[in-house]
Amino acid sequence: RGALNMGFQMMITIGILIANLINYGTSKHENGWRISLGVGAVPAILLCLGSLFLGDTPNSLIERGKHDNAKIMLQKIRGTKNVDEEFQDLIDASEQAKKVEHPWKNIVQPKYRPQLTFCSLIPFFQQFTGINVIMFYAPVLFKTLGFGNEASLMSAVITGGVNAIATFVSIFTVDKFGRKILFIEGGIQMFICQIGVGGMIAAKFGLSGEGSLTKGEANLLLFLICAYVAAFAWSWGPLGWLVPSEICSLEARSAGQAINVGVNMLFTFFIAQIFLTLLCHLKFGLFFFFAGFVVIMTIFIALFLPETKNVPIEEMNRVWKSHWFWAKFISDEGVVGE
(Lines give C-alpha, C1' and ligand atoms only; values in the text may rest on other atoms or scores of the structure.)
Protein backbone atom coordinates (compact mmCIF):
# COMPACT_ATOMS: atom_id res chain seq x y z
CA ARG A 1 0.00 0.00 0.00
CA GLY A 2 2.73 2.44 0.96
CA ALA A 3 4.86 1.85 -2.13
CA LEU A 4 1.92 2.15 -4.53
CA ASN A 5 0.65 5.32 -2.86
CA MET A 6 4.10 6.90 -3.13
CA GLY A 7 4.01 6.47 -6.90
CA PHE A 8 2.02 9.72 -6.84
CA GLN A 9 4.88 11.64 -5.22
CA MET A 10 7.38 9.88 -7.48
CA MET A 11 5.71 11.30 -10.58
CA ILE A 12 5.70 14.80 -9.03
CA THR A 13 9.45 14.67 -8.39
CA ILE A 14 10.12 13.46 -11.94
CA GLY A 15 8.05 16.38 -13.23
CA ILE A 16 10.05 18.83 -11.10
CA LEU A 17 13.31 17.39 -12.45
CA ILE A 18 12.14 17.67 -16.06
CA ALA A 19 11.06 21.28 -15.44
CA ASN A 20 14.50 22.09 -14.01
CA LEU A 21 16.19 20.50 -17.03
CA ILE A 22 14.01 22.55 -19.40
CA ASN A 23 14.88 25.76 -17.52
CA TYR A 24 18.57 24.94 -17.76
CA GLY A 25 18.34 24.02 -21.43
CA THR A 26 16.54 27.22 -22.43
CA SER A 27 18.54 29.59 -20.21
CA LYS A 28 20.85 30.74 -23.02
CA HIS A 29 18.03 31.29 -25.51
CA GLU A 30 16.89 34.88 -26.09
CA ASN A 31 13.27 33.94 -25.35
CA GLY A 32 14.11 31.10 -23.00
CA TRP A 33 11.66 32.11 -20.29
CA ARG A 34 8.82 32.13 -22.85
CA ILE A 35 9.80 28.66 -24.01
CA SER A 36 9.95 27.38 -20.42
CA LEU A 37 6.45 28.67 -19.70
CA GLY A 38 5.09 27.52 -23.05
CA VAL A 39 6.37 23.96 -22.66
CA GLY A 40 4.06 23.71 -19.65
CA ALA A 41 1.22 23.39 -22.14
CA VAL A 42 2.56 20.03 -23.34
CA PRO A 43 1.52 17.93 -20.31
CA ALA A 44 -1.80 19.80 -20.21
CA ILE A 45 -2.48 18.85 -23.85
CA LEU A 46 -1.45 15.24 -23.17
CA LEU A 47 -3.86 15.09 -20.23
CA CYS A 48 -6.71 16.42 -22.37
CA LEU A 49 -6.01 13.99 -25.20
CA GLY A 50 -5.50 11.09 -22.81
CA SER A 51 -8.84 11.72 -21.14
CA LEU A 52 -10.57 11.01 -24.46
CA PHE A 53 -9.24 7.43 -24.37
CA LEU A 54 -9.64 6.85 -20.64
CA GLY A 55 -12.23 4.19 -19.86
CA ASP A 56 -14.57 4.14 -16.88
CA THR A 57 -13.43 2.24 -13.81
CA PRO A 58 -15.48 -0.69 -12.48
CA ASN A 59 -16.14 1.36 -9.33
CA SER A 60 -17.54 4.26 -11.35
CA LEU A 61 -19.78 1.98 -13.40
CA ILE A 62 -21.11 0.27 -10.26
CA GLU A 63 -21.88 3.66 -8.69
CA ARG A 64 -24.04 4.46 -11.73
CA GLY A 65 -25.83 1.12 -11.61
CA LYS A 66 -24.14 -0.37 -14.70
CA HIS A 67 -23.15 -3.66 -13.10
CA ASP A 68 -22.85 -5.67 -16.32
CA ASN A 69 -20.52 -3.11 -17.88
CA ALA A 70 -18.54 -2.94 -14.63
CA LYS A 71 -17.97 -6.71 -14.62
CA ILE A 72 -16.84 -6.66 -18.27
CA MET A 73 -14.41 -3.82 -17.50
CA LEU A 74 -13.04 -5.65 -14.45
CA GLN A 75 -12.51 -8.81 -16.54
CA LYS A 76 -10.69 -6.72 -19.14
CA ILE A 77 -8.43 -5.14 -16.49
CA ARG A 78 -7.60 -8.46 -14.79
CA GLY A 79 -7.29 -10.43 -18.01
CA THR A 80 -9.48 -13.25 -16.72
CA LYS A 81 -13.15 -14.17 -16.47
CA ASN A 82 -12.75 -15.29 -12.86
CA VAL A 83 -13.47 -12.00 -11.08
CA ASP A 84 -16.68 -12.87 -9.20
CA GLU A 85 -15.19 -12.52 -5.70
CA GLU A 86 -13.51 -9.18 -6.40
CA PHE A 87 -16.58 -7.91 -8.22
CA GLN A 88 -18.76 -8.70 -5.20
CA ASP A 89 -16.26 -6.88 -2.96
CA LEU A 90 -16.61 -3.79 -5.17
CA ILE A 91 -20.40 -3.97 -4.95
CA ASP A 92 -20.24 -4.33 -1.16
CA ALA A 93 -17.86 -1.38 -0.89
CA SER A 94 -20.18 0.70 -3.06
CA GLU A 95 -23.15 -0.13 -0.84
CA GLN A 96 -21.18 0.84 2.25
CA ALA A 97 -20.12 4.12 0.65
CA LYS A 98 -23.74 5.01 -0.12
CA LYS A 99 -24.56 4.74 3.57
CA VAL A 100 -22.10 7.54 4.39
CA GLU A 101 -24.25 10.68 4.42
CA HIS A 102 -22.36 13.30 6.40
CA PRO A 103 -18.55 12.84 6.24
CA TRP A 104 -17.94 16.44 7.36
CA LYS A 105 -20.12 15.95 10.42
CA ASN A 106 -18.44 12.64 11.10
CA ILE A 107 -14.87 13.92 11.09
CA VAL A 108 -15.53 16.56 13.77
CA GLN A 109 -16.86 13.92 16.16
CA PRO A 110 -14.54 13.08 19.07
CA LYS A 111 -13.90 9.53 17.82
CA TYR A 112 -12.36 10.97 14.64
CA ARG A 113 -10.18 13.49 16.48
CA PRO A 114 -6.93 11.69 15.51
CA GLN A 115 -7.88 11.71 11.83
CA LEU A 116 -8.87 15.39 11.91
CA THR A 117 -5.63 16.28 13.70
CA PHE A 118 -3.30 14.44 11.33
CA CYS A 119 -5.19 15.40 8.14
CA SER A 120 -4.77 19.05 9.21
CA LEU A 121 -1.31 19.17 10.80
CA ILE A 122 0.66 16.82 8.53
CA PRO A 123 0.10 18.93 5.36
CA PHE A 124 0.66 22.12 7.41
CA PHE A 125 3.96 20.83 8.78
CA GLN A 126 4.94 19.47 5.36
CA GLN A 127 5.00 22.99 3.93
CA PHE A 128 6.80 24.41 6.95
CA THR A 129 9.72 22.06 6.44
CA GLY A 130 10.74 24.78 3.97
CA ILE A 131 10.96 22.39 1.02
CA ASN A 132 9.07 24.63 -1.39
CA VAL A 133 11.51 27.41 -0.60
CA ILE A 134 14.22 25.20 -2.07
CA MET A 135 12.22 23.72 -4.95
CA PHE A 136 10.46 26.95 -6.04
CA TYR A 137 13.34 29.35 -5.62
CA ALA A 138 16.47 27.19 -5.89
CA PRO A 139 17.93 29.21 -8.82
CA VAL A 140 17.20 32.53 -7.06
CA LEU A 141 18.64 31.22 -3.80
CA PHE A 142 21.82 29.85 -5.38
CA LYS A 143 22.33 33.03 -7.40
CA THR A 144 21.92 35.11 -4.24
CA LEU A 145 24.59 32.98 -2.57
CA GLY A 146 27.08 33.77 -5.31
CA PHE A 147 26.58 30.96 -7.81
CA GLY A 148 26.62 32.15 -11.40
CA ASN A 149 23.43 32.35 -13.44
CA GLU A 150 24.06 29.07 -15.26
CA ALA A 151 25.51 27.40 -12.16
CA SER A 152 22.41 28.27 -10.15
CA LEU A 153 20.18 26.58 -12.71
CA MET A 154 22.45 23.51 -12.78
CA SER A 155 22.34 23.38 -8.98
CA ALA A 156 18.54 23.34 -9.20
CA VAL A 157 18.81 20.39 -11.62
CA ILE A 158 21.04 18.56 -9.14
CA THR A 159 18.62 19.07 -6.24
CA GLY A 160 15.75 17.99 -8.49
CA GLY A 161 17.63 14.80 -9.35
CA VAL A 162 18.32 14.08 -5.67
CA ASN A 163 14.63 14.66 -4.95
CA ALA A 164 13.55 12.06 -7.52
CA ILE A 165 16.14 9.45 -6.48
CA ALA A 166 15.39 9.80 -2.76
CA THR A 167 11.65 9.45 -3.41
CA PHE A 168 12.43 6.24 -5.28
CA VAL A 169 14.33 5.04 -2.19
CA SER A 170 11.29 5.68 0.00
CA ILE A 171 9.15 3.43 -2.22
CA PHE A 172 11.39 0.49 -1.28
CA THR A 173 11.71 1.33 2.43
CA VAL A 174 8.29 2.54 3.59
CA ASP A 175 6.68 -0.89 3.88
CA LYS A 176 9.84 -2.45 5.28
CA PHE A 177 10.82 0.04 7.99
CA GLY A 178 7.50 1.77 8.54
CA ARG A 179 6.22 5.34 8.37
CA LYS A 180 7.21 6.64 11.79
CA ILE A 181 10.93 5.89 11.57
CA LEU A 182 11.15 7.60 8.16
CA PHE A 183 9.35 10.67 9.56
CA ILE A 184 11.74 10.89 12.51
CA GLU A 185 14.96 10.17 10.58
CA GLY A 186 13.98 12.65 7.88
CA GLY A 187 13.22 15.30 10.47
CA ILE A 188 16.57 14.88 12.23
CA GLN A 189 18.46 15.00 8.92
CA MET A 190 16.56 18.08 7.72
CA PHE A 191 17.26 19.87 11.01
CA ILE A 192 21.00 19.19 10.84
CA CYS A 193 21.19 20.35 7.22
CA GLN A 194 19.18 23.52 7.82
CA ILE A 195 21.35 24.48 10.81
CA GLY A 196 24.43 23.79 8.68
CA VAL A 197 23.21 25.90 5.76
CA GLY A 198 22.06 28.73 8.02
CA GLY A 199 25.35 28.65 9.92
CA MET A 200 27.43 28.80 6.73
CA ILE A 201 25.44 31.70 5.32
CA ALA A 202 25.66 33.54 8.65
CA ALA A 203 29.44 33.08 8.77
CA LYS A 204 30.09 34.07 5.15
CA PHE A 205 27.41 36.73 4.50
CA GLY A 206 26.34 37.95 7.94
CA LEU A 207 23.49 40.41 8.38
CA SER A 208 24.73 42.63 5.56
CA GLY A 209 24.21 39.91 2.98
CA GLU A 210 27.58 40.73 1.46
CA GLY A 211 30.25 38.10 1.03
CA SER A 212 31.36 35.24 -1.16
CA LEU A 213 31.88 31.50 -1.14
CA THR A 214 35.00 29.61 -2.17
CA LYS A 215 34.51 26.67 -4.52
CA GLY A 216 34.87 24.22 -1.64
CA GLU A 217 32.37 26.13 0.48
CA ALA A 218 29.91 26.32 -2.42
CA ASN A 219 30.17 22.56 -2.92
CA LEU A 220 29.61 21.95 0.80
CA LEU A 221 26.56 24.21 0.74
CA LEU A 222 25.16 22.37 -2.26
CA PHE A 223 25.80 19.03 -0.50
CA LEU A 224 23.90 20.18 2.62
CA ILE A 225 20.96 21.37 0.54
CA CYS A 226 20.92 18.08 -1.41
CA ALA A 227 21.04 16.10 1.87
CA TYR A 228 18.11 18.20 3.11
CA VAL A 229 16.12 17.57 -0.08
CA ALA A 230 16.87 13.82 0.15
CA ALA A 231 15.65 13.72 3.76
CA PHE A 232 12.39 15.39 2.79
CA ALA A 233 11.95 13.20 -0.28
CA TRP A 234 12.00 9.94 1.68
CA SER A 235 10.02 11.24 4.65
CA TRP A 236 7.69 14.24 4.78
CA GLY A 237 7.30 14.44 0.99
CA PRO A 238 5.58 11.13 0.21
CA LEU A 239 4.45 10.39 3.78
CA GLY A 240 2.59 13.71 3.86
CA TRP A 241 0.20 12.17 1.34
CA LEU A 242 0.39 8.52 2.42
CA VAL A 243 -0.44 8.72 6.12
CA PRO A 244 -3.57 10.92 5.86
CA SER A 245 -4.89 8.65 3.11
CA GLU A 246 -4.59 5.46 5.18
CA ILE A 247 -5.83 6.57 8.61
CA CYS A 248 -9.40 7.58 7.70
CA SER A 249 -12.21 5.05 7.77
CA LEU A 250 -14.93 5.17 5.13
CA GLU A 251 -17.22 7.39 7.24
CA ALA A 252 -14.75 10.29 7.20
CA ARG A 253 -12.42 9.48 4.31
CA SER A 254 -13.69 12.01 1.76
CA ALA A 255 -13.65 14.85 4.31
CA GLY A 256 -10.21 13.84 5.60
CA GLN A 257 -8.69 13.79 2.12
CA ALA A 258 -10.32 17.12 1.25
CA ILE A 259 -8.84 18.70 4.39
CA ASN A 260 -5.41 17.22 3.63
CA VAL A 261 -5.30 18.56 0.07
CA GLY A 262 -6.88 21.90 1.00
CA VAL A 263 -4.43 22.64 3.84
CA ASN A 264 -1.50 21.54 1.66
CA MET A 265 -2.42 23.82 -1.25
CA LEU A 266 -3.25 26.76 1.04
CA PHE A 267 0.12 26.76 2.76
CA THR A 268 1.98 25.99 -0.48
CA PHE A 269 0.54 29.26 -1.78
CA PHE A 270 1.23 31.06 1.51
CA ILE A 271 4.90 30.04 1.69
CA ALA A 272 5.45 30.85 -2.00
CA GLN A 273 4.11 34.39 -1.49
CA ILE A 274 6.12 35.27 1.61
CA PHE A 275 9.44 33.52 0.90
CA LEU A 276 11.26 36.35 -0.89
CA THR A 277 10.15 38.84 1.76
CA LEU A 278 11.33 36.49 4.53
CA LEU A 279 14.66 35.96 2.74
CA CYS A 280 15.24 39.72 2.52
CA HIS A 281 14.40 40.32 6.19
CA LEU A 282 15.61 37.15 7.93
CA LYS A 283 18.51 36.29 5.60
CA PHE A 284 20.29 33.26 7.10
CA GLY A 285 17.71 33.27 9.91
CA LEU A 286 15.18 31.88 7.42
CA PHE A 287 16.84 28.45 7.67
CA PHE A 288 16.76 28.58 11.46
CA PHE A 289 13.07 29.56 11.22
CA PHE A 290 12.21 26.40 9.28
CA ALA A 291 14.58 24.29 11.42
CA GLY A 292 12.52 25.31 14.45
CA PHE A 293 9.37 24.01 12.78
CA VAL A 294 11.17 20.76 11.89
CA VAL A 295 11.96 20.22 15.59
CA ILE A 296 8.30 20.77 16.53
CA MET A 297 6.91 18.45 13.82
CA THR A 298 9.43 15.69 14.58
CA ILE A 299 8.52 15.73 18.29
CA PHE A 300 4.83 15.76 17.31
CA ILE A 301 5.24 12.64 15.15
CA ALA A 302 7.36 10.85 17.77
CA LEU A 303 4.74 11.41 20.48
CA PHE A 304 1.41 11.22 18.70
CA LEU A 305 1.63 9.14 15.51
CA PRO A 306 1.27 5.37 15.93
CA GLU A 307 2.86 3.09 13.33
CA THR A 308 0.38 2.38 10.52
CA LYS A 309 2.48 -0.07 8.50
CA ASN A 310 0.56 -3.26 7.60
CA VAL A 311 -2.56 -2.07 9.45
CA PRO A 312 -5.77 -2.55 7.39
CA ILE A 313 -7.68 0.72 7.10
CA GLU A 314 -10.81 -0.86 8.61
CA GLU A 315 -8.80 -1.81 11.73
CA MET A 316 -7.17 1.59 12.25
CA ASN A 317 -9.38 2.40 15.24
CA ARG A 318 -7.71 -0.42 17.17
CA VAL A 319 -4.40 1.41 16.68
CA TRP A 320 -5.84 4.65 18.07
CA LYS A 321 -7.43 2.78 20.96
CA SER A 322 -4.06 1.35 22.02
CA HIS A 323 -2.30 4.74 21.83
CA TRP A 324 -1.51 6.50 25.11
CA PHE A 325 -3.07 9.82 24.01
CA TRP A 326 -5.74 9.03 21.41
CA ALA A 327 -7.36 6.20 23.43
CA LYS A 328 -9.38 8.75 25.40
CA PHE A 329 -11.26 9.75 22.20
CA ILE A 330 -12.07 6.23 20.97
CA SER A 331 -14.98 4.35 22.52
CA ASP A 332 -15.09 0.57 22.80
CA GLU A 333 -18.21 0.60 20.66
CA GLY A 334 -16.28 2.34 17.89
CA VAL A 335 -13.63 -0.35 17.94
CA VAL A 336 -16.16 -3.16 17.77
CA GLY A 337 -18.04 -1.36 15.01
CA GLU A 338 -14.91 -1.18 12.92
Is the closest side-chain heavy-atom distance between [X] and [Y] below 4.5 Å?
X    : Y    : answer
M297 : F124 : no
L224 : F287 : no
P58  : I77  : yes
T57  : M73  : no
C119 : C248 : yes
S245 : Q257 : yes
T80  : Q75  : no
I201 : K283 : no

Taking a hydrophobic cluster as the set of Ile, Leu, Val, Met, Phe, Trp and Tyr residues connected by side-chain heavy atoms closer than 4.5 Å, whether directly or through intermediates, do [X] and [Y] fall within one such cluster?
X    : Y    : answer
V157 : L37  : no
I72  : F87  : no
W236 : L303 : yes
M11  : V261 : yes
V169 : F8   : no

Going through the checks in order, is the side chain to side chain contact (heavy atoms under 4.5 Å, CB included) test met by F232 and Q126? CA-CA 9 Å; F232 175 86; Q126 186 191 56; 3.9 Å; yes
Between [X] and [Y], is there a donor-acceptor pair closer than 3.5 Å when you use the side chain of the first and the backbone of the second?
X    : Y    : answer
W234 : G186 : no
N264 : P123 : no
T167 : N163 : yes
Q194 : F289 : no
N260 : G256 : no

Value rounded to 0.5 Å, distance of [atom1] in [X] from [atom2] in [Y]:
X    : Y    : atom1 : atom2 : answer
M190 : T298 : CE    : OG1   : 6.0 Å
L21  : L17  : CG    : CG    : 4.5 Å
K309 : K176 : NZ    : NZ    : 10.0 Å
E315 : S249 : CD    : OG    : 12.5 Å
H323 : E307 : NE2   : CD    : 11.5 Å
I62  : E95  : CD1   : CD    : 9.5 Å

Can you tell me if [atom1] on [X] sees more than 12 non-hydrogen neighbours from other groups inside 6.0 Å?
X    : atom1 : result
Q273 : CD    : yes
N82  : CG    : no
F270 : CZ    : no
D68  : CG    : no
K98  : NZ    : yes

Minimum heavy-atom distance between [X] and [Y], given as atom pair plus value:
X    : Y    : result
C226 : V162 : O-CG1, 3.4 Å
V174 : G2   : CG1-C, 3.7 Å
N20  : A156 : ND2-O, 3.0 Å
I330 : N317 : CG2-O, 4.2 Å
T308 : E246 : OG1-OE2, 2.6 Å
I122 : G240 : CG2-CA, 3.6 Å

Check the pair Q88, D92 against side-chain hydrogen bond (donor to acceptor under 3.5 Å, both in side chains), reporting the backbone distance first and the verdict last. CA-CA 6 Å; Q88 187 59 49; D92 293 342; 3.0 Å; yes
Flag the pair W320 / F118 as yes when their ring centroid distance falls below 6.0 Å, and as no otherwise. yes
So, do F168 and F172 have ring centers that fall under 6.0 Å from each other?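 Yes.
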Got a sec, which residues hit side-chain contact (heavy atoms from CB on, under 4.5 Å) with S155, two or more places apart in sequence or on another chain?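 S155: side-chain contact (heavy atoms from CB on, under 4.5 Å) contacts with F142, F147, L222.
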Please list, chain by chain and in numerical order, all residues satisfying side-chain contact (heavy atoms from CB on, under 4.5 Å) with W104, sequence neighbours excluded.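 Applying side-chain contact (heavy atoms from CB on, under 4.5 Å) to W104 gives A255, A258, I259.
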Run the salt-bridge test on R64 and D56 with the 4.0 Å N-O cut-off and return the result as yes or no.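 Looking at R64 and D56, the cut-off is met.
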List the steps, then state whether side chain to side chain contact (heavy atoms under 4.5 Å, CB included) holds for K71 with D84. CA-CA 8 Å; K71 189 169 186 178; D84 292 343; 2.9 Å; yes
Can you label the angle between the F284 ring and the F288 ring as parallel, tilted or perpendicular, going by 30° and 60°?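 The arrangement is perpendicular - the two ring planes meet at more than 60°.
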Taking the inter-plane angle between the rings of F293 and F128 on a 0 to 90° scale, is it parallel (under 30°), tilted (30 to 60°) or perpendicular (over 60°)? tilted
Under the side chain to side chain contact (heavy atoms under 4.5 Å, CB included) rule, what do M6 and L239 come out as? Steps first, then yes or no, please. CA-CA 8 Å; M6 285 182 172; L239 293 176; 3.5 Å; yes
Please walk me through it: do V197 and Y228 pass side chain to side chain contact (heavy atoms under 4.5 Å, CB included)? CA-CA 10 Å; V197 171; Y228 161 78; over 6 Å; no
